[in-house]
Amino acid sequence: MNQDELKQAVGQAAVDYIKPHLDDDSIVGVGTGSTANCFIDALANIKHLFDGAVASSEASAERLKSHGIPVFDLNGVSGMDFYIDGADEINERLEMIKGGGAALTREKIVAAVAKKFVCVADESKLVPMLGTFPLPVEVIPMARSHVARELVKLGGDPVWREGVVTDNGGEILDVHNLRIASPMELESSINQITGVITNGLFAQRGADVLLLGTQEGVKTLKA
Ligand SMILES: O=C(CO)[C@H](O)[C@H](O)COP(=O)(O)O
């Protein structure tokens, strides 16, 4: 199977995973990116089994709506059982780097509300140590240079993702050359820099389940 077929397989596997738990009142938390898109497309086939979705980006909201799936504002829902999203890197403790699609802040917020985070990824995303993928950091635009200098002090090489404005009006610094031995500590340290909205380390709230697309089929890993 090629990478697109692996993404489709895990998208369908995520639907199979949540389907037995859905009812008329269920709200499904939906992530962003090409793997999350595969999940959305598979989810459309069972849209009669749940109430609607909360999306972590405008792009995912549009895709959900195009399938006729109602999209709710997070402030209007009291909770959700599942959040399904991809990752740029994930380790065996199910800690992740996310934000390649610049949706990290909303992803972190929706994930915080959900009882269970189900990560969907092809096998290229599973790594022994996080940090080969540049770590996205969303910043308030006027703080970009200040935050970049502070990130250099932490040992990284930040690069401004020029031209990208997030759904929240923020800008993105991609931090290269980090070997992230302690993801939880680094997540906190970066978030303490004034001007940071959030960073793409999902360690304090990692995934609970990983559905990993491999050539031998979809494997289920638990935290
Ligand atoms: O964090 C994300 C977007 O902000 C995505 O989950 C991440 O970039 C993975 O995307 P893809 O499934 O396209 O590889």
Side-chain angles (χ1 to χ4, degrees), residues 1-15 28-43 53-64 74 82-91 94-114 116-127 130-139 159-161 163-176 178 180 183 187 190-191 196-214 218:
M1 280 202 272
N2 63 32
Q3 196 177 28
D4 285 343
E5 289 165 337
L6 292 176
K7 289 178 184 183
Q8 283 162 17
V10 293
Q12 182 58 52
V15 167
V28 181
V30 176
T32 298
S34 56
T35 319
N37 282 345
C38 292
F39 169 69
I40 293 171
D41 296 346
L43 189 66
V54 169
S56 66
S57 64
E58 300 297 340
S60 290
E62 286 313 309
R63 196 174 187 101
L64 287 157
L74 183 62
F82 296 101
Y83 176 66
I84 293 87
D85 199 359
D88 297 301
E89 282 184 349
I90 185 163
N91 66 21
L94 307 195
E95 300 162 324
M96 296 164 281
I97 288 181
K98 292 183 46 53
L104 59 158
T105 300
R106 293 192 185 193
E107 290 171 346
K108 211 173 255 198
I109 294 167
V110 184
V113 174
K116 198 171 261 194
F117 186 140
V118 179
C119 181
V120 281
D122 66 84
E123 57 194 346
S124 70
K125 307 290 183 67
L126 186 63
V127 296
L130 302 176
T132 301
F133 189 93
L135 177 65
V137 178
E138 183 170 356
V139 300
V159 175
W160 177 27
R161 207 184 292 179
V164 170
V165 178
T166 71
D167 287 345
N168 317 303
E171 294 182 359
I172 300 285
L173 292 168
D174 292 307
V175 191
H176 295 248
L178 291 170
I180 307 177
E187 184 176 357
I190 294 176
N191 282 345
V196 168
I197 299 172
T198 198
N199 72 82
L201 274 169
F202 284 59
Q204 289 156 10
R205 204 295 179 242
D208 301 292
V209 178
L210 168 61
L211 300 175
L212 186 71
T214 78
V218 176

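All ligand and atom numbering here is 1-based and tracks the order in the structure.
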Per-atom contacts, ligand 1 versus [X] - under 4.0 Å to a heavy atom:
{"X": "D85", "value": "6 (O)"}
{"X": "A102", "value": "4 (O)"}
{"X": "K98", "value": "1 (O), 2 (C), 5 (C), 6 (O)"}
{"X": "G100", "value": "1 (O), 4 (O), 8 (O)"}
{"X": "A103", "value": "4 (O)"}
{"X": "G86", "value": "6 (O)"}
{"X": "G101", "value": "3 (C), 4 (O), 8 (O)"}

Subject >> Which segment of S57 sits under 4.0 Å of ligand 1 when only heavy atoms are counted >> reply: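 Looking at S57 and ligand 1, no heavy atom falls under 4.0 Å.
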Subject >> Residue part near ligand 1, for A121, under 4.0 Å between non-hydrogen atoms >> reply: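 The answer is neither; A121 stays 4.0 Å or more away.
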Does [X] reach the main-chain N or O of [Y] with its side chain, forming a donor-acceptor pair under 3.5 Å?
{"X": "R106", "Y": "D167", "answer": "yes"}
{"X": "E89", "Y": "G131", "answer": "yes"}
{"X": "K98", "Y": "G86", "answer": "yes"}
{"X": "E5", "Y": "N2", "answer": "yes"}
{"X": "R63", "Y": "T32", "answer": "no"}

Original post:
Is there a heavy atom of G31 sitting under 4.0 angstrom from any atom of ligand 1?
Top reply: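 The answer is no, since G31 has no heavy atom less than 4.0 Å from ligand 1.
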Subject >> Straight-line distance of N191 CG to E138 CD, nearest 0.5 Å >> reply: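 These two atoms lie 11.0 Å from each other.
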Original post:
How many angstroms lie between atom OG1 of T198 and atom CD of E107, to the nearest 0.5 angstrom?
Top reply: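 Rounded to the nearest 0.5 Å, the OG1-CD separation comes out at 11.0 Å.
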**OP:** Show your reasoning for whether side chain to side chain contact (heavy atoms under 4.5 Å, CB included) applies to V175 and N199.
**Re:** CA-CA 10 Å; V175 191; N199 72 82; over 6 Å; no
Quick one: nearest non-hydrogen protein atom to [atom], plus distance?
{"atom": "atom 5 (C) of ligand 1", "answer": "T32 O, 3.2 Å"}
{"atom": "atom 14 (O) of ligand 1", "answer": "K125 NZ, 2.7 Å"}
{"atom": "atom 7 (C) of ligand 1", "answer": "D88 OD1, 3.2 Å"}
{"atom": "atom 1 (O) of ligand 1", "answer": "G99 N, 2.7 Å"}
{"atom": "atom 13 (O) of ligand 1", "answer": "S34 OG, 2.5 Å"}
{"atom": "atom 12 (O) of ligand 1", "answer": "T35 OG1, 2.5 Å"}
{"atom": "atom 2 (C) of ligand 1", "answer": "E107 OE2, 3.2 Å"}

**OP:** Give the C-alpha distance, both sets of side-chain angles, the deciding distance and a yes or no for side chain to side chain contact (heavy atoms under 4.5 Å, CB included) between L64 and V30.
**Re:** CA-CA 9 Å; L64 287 157; V30 176; 4.1 Å; yes
**OP:** Kindly confirm or rule out an N or O of A36 lying under 3.5 angstrom from an N or O of ligand 1.
**Re:**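 So ligand 1 has no N or O lying under 3.5 Å from an N or O of A36.
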Original post:
Can you check whether G33 has an N/O within less than 3.5 Å of an N/O in ligand 1?
Top reply: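 No, there is no polar N/O contact under 3.5 Å.
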Original post:
With sequence neighbours excluded, what pairs up with Y83 under the ring pair (Phe, Tyr, Trp, His ring centres under 6.0 Å) test?
Top reply: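 Counting only residues at least two positions away or on another chain, Y83 forms a ring pair (Phe, Tyr, Trp, His ring centres under 6.0 Å) with F117.
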Original post:
Would you say the side chain of V113 lies within less than 4.5 Å of the side chain of L74, judging by non-hydrogen atoms?
Top reply: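 A side-chain contact exists here, since the closest heavy-atom pair is under 4.5 Å.
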**OP:** Mind checking side chain to side chain contact (heavy atoms under 4.5 Å, CB included) for V120 and listing every partner two or more places apart, or none if nothing turns up?
**Re:**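 Scan of V120 (side chain to side chain contact (heavy atoms under 4.5 Å, CB included), adjacent residues dropped) gives V10, A14, T35, I84, L211.
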